[in-house]
Each structure stands twice: as C-alpha cells, then as structure tokens.
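Each chain gets a letter, A, B and so on, in the order its sequence line appears, and its residues count up from 1.
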Amino acid sequence: MNFKKDLAAILFELLDQEISATELELMIEKPKNQELGDLAFPCFTLAKLKRKSPNLIAQELSEKLHSPTFEKVEVVGAYLNIFLNKKTVSEEVVIEILQQQEKYGALEFGKGGQVTIDMSSPNIAKPFSMGHLRSTVIGNSIALIVEKCGYQPIKINHLGDWGTQFGKLITSYQLWGDVEKVKQNPIKELLTLYIKFHEEAETNPSLEDQGRSWFKKLEDGDEQALSLWQWFRDESLKEFSRIYELLNVEFDSLAGEAFYNDKMDRIVQLLEEKQLLVESNQAQVVELTEEQLPPCLIKKSDGATLYATRDLAAALYRKENYNFALSLYVVGHEQSLHFKQLIAVLEKMGFDWAQKMHHIPFGMMLKDGKKMSTRKGKVVLLEEVLTESIAMASHSIEEKNPNLANKAEVAKQVGVGAVIFHDLKNNRMNDIEFSLEDMLRFEGETGPYVQYSYARACSILRKANWDSELQTAAYNNAWDKEWKVVSVLMEFSHSIKRACENFDPSQVAKYVVDLAQAFNKYYAEVKILEENAEQQSRLALVDSVTVVLKEGLRLLGLEAPKEM
RNA sequence: GUCUCAGUAGCUCAGUAGGAUAGAGCAACAGUUUCCUAAACUGUAGGUCGGAGGUUCGAAUCCUCUCUGGGACACCA
C-alpha cells in the first residue's frame, strides 16, 4: 500500500530510467493542500537533465501517466499532482486496518534487536518532581514505539540510590529522625531531614564530617548504615511505585547507581591497561583533546569514583548483558556534554558499540522562566499535579456525563492522560514553563480531546450494534467526505517510523490529533448512523478510526476509555 | 570565554534530508444542538518566520556573521 513507491516505479520508466526509482521516491511529496491532490511530483530538477522547461516536462509526463490507482493527474505549473482513486484506496485501507487491528502500522526494521532505555531515574529520598516526569513519560513512549518497530525494549530505571547524600541523610536521621514519621510519609520526612541537615550544617560544620564518615561506613559495608540505606530505599520505592502505577509505567530493571559499585574497578583497570588514564591535578582523567571535549574525570583526587565512572560501568554491563542494538539515555539536555564524553571515552577504549548509544535529551521544566531547584523548595510535585488533574476530569464527568458507569477509573485515565499528553505533544527539546492551567486543559490539542474523539466513535459503533467481525461489509459509496479521514489513516505507519528514527514521541502525538480532528470534522458533517446503503461502509470507517486512535494513544502511554 | 539548544500570530507551538498562498490549538469576536457525547464543529481577525548577508529556478528550512534568552563547561549527578 505504498503509493509513493508505485508512482516512483512508473516515473522511472517514463523518464527513460535515467533517475533511480528510490531517488524519484524521495522527490515525491505531499501537496500542502488536499485539494491539490494526494501526491505531487515537482519537475524543477528535471529541467537541466531534459533541457526542457519544467512546466513542459510536467505536461508531457501527465499525458503518459496512467494507473488504476490514480483517479486523475493534474498539472499546475511545474507540479504533477496525482489524485488517488478514493474508492479503491479507501476500501483497501479500511479492510487492512480491520483485519490487522492493533497490529496496523507495525514495522519490522528493528526485528529482534534489544534496546535498553535508561529513563526516569529519580533520586531516592527525594520527591518525584515534574522533571522526572519528562524522562519517565518520554522514555516509556519511546519504548512502546521502538517495540512497534520490531525491537525489544528494556526499560531501566537507573535509580539515584547512592552517594554522599546518604551519609548526610543517615546522620540527620540519627540525630532527629523518627521511625513512625518516616514510615507514614517517607519521602516527605526524609526530605525534611535532608533539608534540616543543610540548615544545621551552616552553623555546625562538623556535621559534614559526620555525613562523610557515615557514607564511608556505608561504602565499607557497615551493617547499621547498610540497613538504614536499604530501608530508605525501600520506602522511597514504595512511594514511587504509586506514581508509576498511576502513569502505567513498568520497568524491566531497577539497577541504579548502587548496583554498579562493585563494577567500577574493572573499568578503571581497563582504562589503565589501555593507557588512557592521565593524572591531572591529583585526579585521574581521560584526555579528549582530539575530540575537542574537556577531559573526562574518572577518579577524584581522593581516589573516589565519579558519575562518569559509574556510567561507563553501566554501559559495559548493559552491552554484556543485553547485547543491545541501541542503548538510549533519556536524560535532560543539561547533561549533553557528559554523554558526549562518555561515548568518546568508550570509543577510545575501542568499543565500536559506543556508536549505538544515544543520548535522548529534552528541555527543562521551568518555573518563572528558571530551573526549578529542590533546595529552594520551589519544586512541583508530580503526584499533586496528577491528583489535581484527576479531580478536574472527575468534575468534567459530573458535568457532562453524570450517568457514566465507572467514573473513578475514567477520571483517572483522562486526568493522567492530559498530563502525559501535554508533555509529549511538543518537540522534546523545548523547555516547558510549568503551568497547571496549560497542563490541565482538556480542549483543543490535548489528550482528553483525542480520548473524547475515540469515545464518540465507540459510542456510534455501540448504537449501531456494529459487529467488528464484519470485515467485508458492502463498501459502496464514493468515499468523498470520508477521504480526508482515510488519507490520515494511511499515514499512521509513516508517523511511527519518524517517531522511531528520531526518538520523538511528539510525531505520534501530532498524528493522533490530526486523526481526531479529521474524524470530528467528518462526524459534524456526516450523519453516520443514517440508515441507507452506505451506512455499513461508514461504520467500517469509524471502526478503523477507533482502532488507530486507540493504538496511537497506547504508543504514547495513554489509555482509551470507551465512554467518558 | 568556549560549546550547546532555542527564537515563527497576543500566548503555546507545528512546519527544518530546500518546493506551491507559512499552518494548528488557546485567547478574542460571530455562529452551530427537535439530530450519532458541544471535552465537538463552522467562520472572522491576527505574520518583516529575531536581524543582515550568501548559496539557487526556489530558503522559515542550507552556509557565514550578528542580536536575544536558556543550559553546560574537573573532583555533584
């Protein structure tokens, strides 16, 4: 069902095989405006080759261009505009969707390859902020998209569960902590203790030493330190899992920073063997002057390891355990330099698979135009936002559909959907100014809008007692009013491909909005349930819209309630 | 200072392996429900694509310079 390819093959012959079909296929474009046609072929570049005016070439080609799938061919200036046969194509598309169901749009180019995705990665004992939301939601959608393209995704939550802050936290807990309080509200209480530590440390610098010494004990395997650390970790994870459940995100691995503690010596040793380690200001670094990057710090002057060391160990571990085809890191753009260095060091070590690693950066969540900081307490908590959004969805339901059966469940799906969609609909690199108002908007280009479109379509099928098994109903209309919808339906796979190639879920988000818009227009214009000869074909179209909307939403991590 | 990302309608953004008259949503204004869920649909208005050069049949898109804003740049992650 690749009409571009068909057209390219025909043009290849008509142009005396002077330009390859693949090249021609790349030249074919979609007209800006559907009234101009479904496919367009600009003839400007042919002018030199054929030594004729482009307009004349277009004219000549149009006279020779014939195919049963083309309804007509028009010439506008140097453009060859092709109109597809609406009836043939529409029936083909609709039947394909109804037969393939949720498999529609799937691709195979990733067949079998494993893709590790480093995502979410919140810090233990700290609140799950809006910043972590981005990594979680983008990573989750990329996992789903990559899977749709044949890969096997492995979602890794690289937890921030190690570091000097745990020494500080243990110190603070020993001095002012309370078991019950922590159990009741772990993250909030641990954060309070962490903040208190910093406040007290300003007047009592010896606390810093205590913190360091507790972290040393932790590293040395001190039982008391270790059990406290384990406890903090467990309690934090319990709380995170509540959020992950709301977001409907699961992980294949929770191997965080602590997991790599015993795997770093090997990296340092390897670097030494390859003579890449250089001493600089008492620290051990890998020089990256040829790569025009600042040196990468491997060991501090006191011999302790660093972030980069840990990530090197993690990269190697992932290669050896998953033998990834791609290794993705969904981490904020602030860390771009770090990942450039990381990949450069691995390449220097002779690991050609370093090229399979990709940093997937994204813009920041800003508050008043500035980065949000945990210290100033100016951090927005994701859970509060989600709760608020669900409440708002609930309110809308009471207003618009009070007789709905499972209100609470639907409110959750819609409320959470609004938040996720808001994050995914734009290019990842854009910074987002935090605005509850924008996030909880349910009209226009939003998650709820798409979900609503889906619910409407489902409602029609329900009213019609549509039997989805009837995949070959009589299709007998002109497919004129439905053409816009059909032409969007057939673009699904293309949007998935783009999303996968660029690791960009917004491609799918935009697609799903396009489809919802086309459907809503159709819905307003045509009375679908009208009982006439063409009713069955309209219902088949509506059914195929529900299939694609639902699958598109799924790829973004949103649910699709049948009623709302 | 170096590197990096961004600058398109009042606001939020699409569009960037060069193509036709630069598109949506929100907000504003005017409409649409005896009829399939109005979380919808229709219409009006809104633009020096930050600026200046260049490349060419053609530039929001590519190159150079420049202005503005965000971010990163050695012992945090």
Side-chain angles (χ1 to χ4, degrees), chain A residues 26-27 29 31-33 36 40 42 44-45 47-48 53-54 76-79 81 121 123 158 160 162-165 257 280-285 292-308 310-311 331-338 340-341 361-364 366 369-371 393 396-397 399-401 404 414 418 422 425-427 429-433 435 437-438 441-453 455-464 506-507 510 513-514 516-517 519-530 538-539 542 563-564:
Chain A
L26 288 174
M27 290 164 67
E29 44 194 73
K32 281 206 147 14
N33 186 329
L36 288 168
F44 302 100
T45 40
K48 266 182 210 154
S53 84
V76 180
Y79 282 90
N81 291 335
S121 314
N123 294 319
H158 191 79
W162 203 252
T164 24
Q165 73 265 27
E257 293 170 9
S280 166
N281 296 333
Q282 280 102 51
Q284 300 289 314
V285 309
Q292 307 201 321
L293 292 169
C296 182
L297 283 229
I298 302 296
K299 268 191 161 183
K300 298 200 244 183
S301 44
D302 65 2
T305 53
L306 283 136
Y307 182 34
R310 205 174 296 273
D311 268 1
V331 180
H333 177 235
E334 320 83 276
Q335 294 192 36
S336 288
L337 177 60
H338 165 73
K340 272 189 194 163
Q341 290 177 307
F362 53 84
M364 284 185 294
L366 304 176
K370 284 179 188 152
K371 191 175 177 174
S396 285
I397 291 168
E399 208 171 69
K400 296 164 205 260
N401 196 359
L404 186 64
V414 174
H422 175 261
K425 74 174 170 186
N426 292 135
N427 184 330
M429 289 305 287
N430 296 345
D431 288 340
I432 299 179
E433 171 66 32
S435 151
E437 204 190 327
D438 283 354
R441 189 161 274 152
F442 290 0
E443 285 153 27
E445 299 166 331
T446 66
Y449 168 81
V450 179
Q451 289 171 319
Y452 174 71
S453 311
R456 275 178 132 185
C458 288
S459 171
I460 285 184
L461 297 178
R462 214 163 36 237
K463 292 224 157 101
S506 77
Q507 296 299 331
K510 278 161 207 148
V513 166
D514 279 349
Q517 280 176 341
F519 172 71
N520 280 324
K521 250 168 225 182
Y522 178 65
Y523 181 99
E525 197 185 346
V526 176
K527 186 146 168 61
I528 298 162
L529 285 177
E530 190 186 346
R538 287 195 299 270
L539 290 172
V542 172
E563 283 180 75
M564 64 184 267

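The side chain of A:N81 contributes no N or O atom lying less than 4.0 Å from OP1 or OP2 of B:A20. For A:K527, no side-chain nitrogen or oxygen approaches OP1 or OP2 of B:C36 to under 4.0 Å. Contact annotation: A:R456 side-chain N/O to B:A38 OP1/OP2 distance is under 4.0 Å. At B:G15, one or more side-chain N or O atoms of A:Q507 fall inside 4.0 Å of OP1 or OP2 (strictly under the cut-off). Side-chain nitrogen and oxygen atoms of A:K425 include none within less than 4.0 Å of the OP1 or OP2 phosphate oxygen of B:U12.
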Under 3.5 Å, which protein N or O atoms sit close to an N or O of nucleotides 43-47 of chain B? Give each pair with its distance.
none

Identify each atom pair where a protein N or O and an N or O of nucleotides 68-71 of chain B are less than 3.5 Å apart, giving names and distance.
none

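Here A:Y522 pairs with nothing under the ring-ring contact (aromatic ring centres under 6.0 Å, His included) rule; sequence neighbours left out. Residues meeting the side-chain contact (heavy atoms from CB on, under 4.5 Å) test with A:M364, sequence neighbours left out: A:E334, A:L366, A:K371, A:D431. Residues that satisfy the ring-ring contact (aromatic ring centres under 6.0 Å, His included) test with A:H338, not counting sequence neighbours, are A:Y307. A:A524 meets the side-chain contact (heavy atoms from CB on, under 4.5 Å) test with no other residue; sequence neighbours excluded.
The A:N520 side chain lies nearest to B:C41 when the options are B:C13, B:C36, B:C41. In the set B:A39, B:C13, B:C5, B:A39 carries the atom at the smallest distance from any side-chain atom of A:M564. In this structure, of B:A20, B:G25, B:U12, it is B:G25 that holds the atom nearest to the side chain of A:Q517. Closest to the A:K400 side chain, of the nucleotides B:U12, B:A39, B:C41, is B:A39. Listed candidates were B:C36, B:C75, B:C41. Nearest to the side chain of A:K521 is B:C41.
Here A:N123 lies out of heavy-atom contact (under 4.0 Å) with every strand. Residue contacts shown for A:L306 are limited to sugar-phosphate atoms, with no base heavy atom under 4.0 Å away. When heavy atoms are screened at a 4.0 angstrom cut-off, A:E257 is found touching the sugar-phosphate backbone but no base atom. Counting non-hydrogen atoms under 4.0 angstrom, A:N427 reaches the backbone sugars and phosphates but no base. Among the heavy atoms of the strands, none lies under 4.0 Å from A:R310. A:Y449 comes within 4.0 angstrom of sugar-phosphate atoms only, judged by non-hydrogen atoms across all strands, and of no base. Heavy atoms of A:V331 sit nowhere under 4.0 angstrom from any nucleic acid atom. Within 4.0 Å of A:L337, counting heavy atoms only, lie sugar-phosphate atoms of the nucleic acid but no base atom. Looking at heavy-atom distances under 4.0 Å, A:P31 makes contact with a base. Residue-level contact check: A:V285 touches the bases, meaning some heavy atom is under 4.0 Å from a base atom. Here A:P295 lies in heavy-atom contact (under 4.0 Å) with a base. Nucleic acid contact for A:K510: sugar-phosphate only, since backbone atoms but no base atoms lie under 4.0 Å from a heavy atom of the residue. Across all strands shown, A:L539 has no heavy atoms under 4.0 Å from either base or sugar-phosphate atoms. Nucleic acid contact class of A:T45 (heavy atoms, under 4.0 Å, all strands): base.
For the P atoms, the distance linking B:C62 with B:U16 amounts to 10 Å, nearest Å. For the P atom pair drawn from B:G25 and B:G71, the interatomic distance equals 33 Å after rounding to whole Å. Distance noted for atom P between B:A22 and B:A27: 26 Å (whole Å). Taking atom C1' on both B:A24 and B:A45, the two are 16 Å apart, rounded to the nearest angstrom. To the nearest whole angstrom, the two P atoms, one in B:G50 and one in B:U32, are 40 Å apart.
B:C26 is paired with B:G10 under the criterion used here, namely a Watson-Crick or G-U wobble arrangement in which both key atom distances are under 3.5 Å. Nucleotide B:U33 has no partner under the Watson-Crick or G-U criteria, as no pair reaches both atom distances under 3.5 Å. B:C49 makes up no base pair with any nucleotide shown, lacking Watson-Crick or G-U wobble contacts both under 3.5 Å. Using the Watson-Crick or G-U wobble rule with both distances under 3.5 Å, B:U56 pairs with nothing in any strand shown.
Applying the 90° criterion around 0 to the glycosidic angle, B:A38 comes out anti. For B:U8, the glycosidic angle deviates from 0 by more than 90°, giving an anti base.
The structure places NE2 of A:H333 at 11.0 Å from CZ of A:F362, a figure rounded to the nearest 0.5 Å.
Side-chain atoms of A:S435 come within 3.5 Å of backbone atoms of A:D438 as a donor-acceptor pair (strictly under, hydrogens ignored). The closest donor-acceptor contact from the side chain of A:S301 to the backbone of A:Q282 lies at 3.5 Å or more, if one exists at all. Judged purely by atom type and a 3.5 angstrom limit, A:R456 has no side-chain atom pairing as donor or acceptor with the backbone of A:E563.
Between A:K521 and A:E525, no side-chain nitrogen of the basic residue sits less than 4.0 Å from a carboxylate oxygen of the acidic one, so the salt-bridge criterion is not met.
Summarising the geometry of A:P54 relative to A:F44, their closest heavy-atom pair is CB-CA, 3.9 Å, with the distance given to 0.1 Å.
Distance NE2 (A:H338) to P (B:C75): 15 Å, rounded to an integer number of Å.
For A:Q292, the CD atom counts as loosely surrounded, since its 6.0 Å shell holds 12 or fewer non-hydrogen atoms of other residues, nucleotides or ligands.
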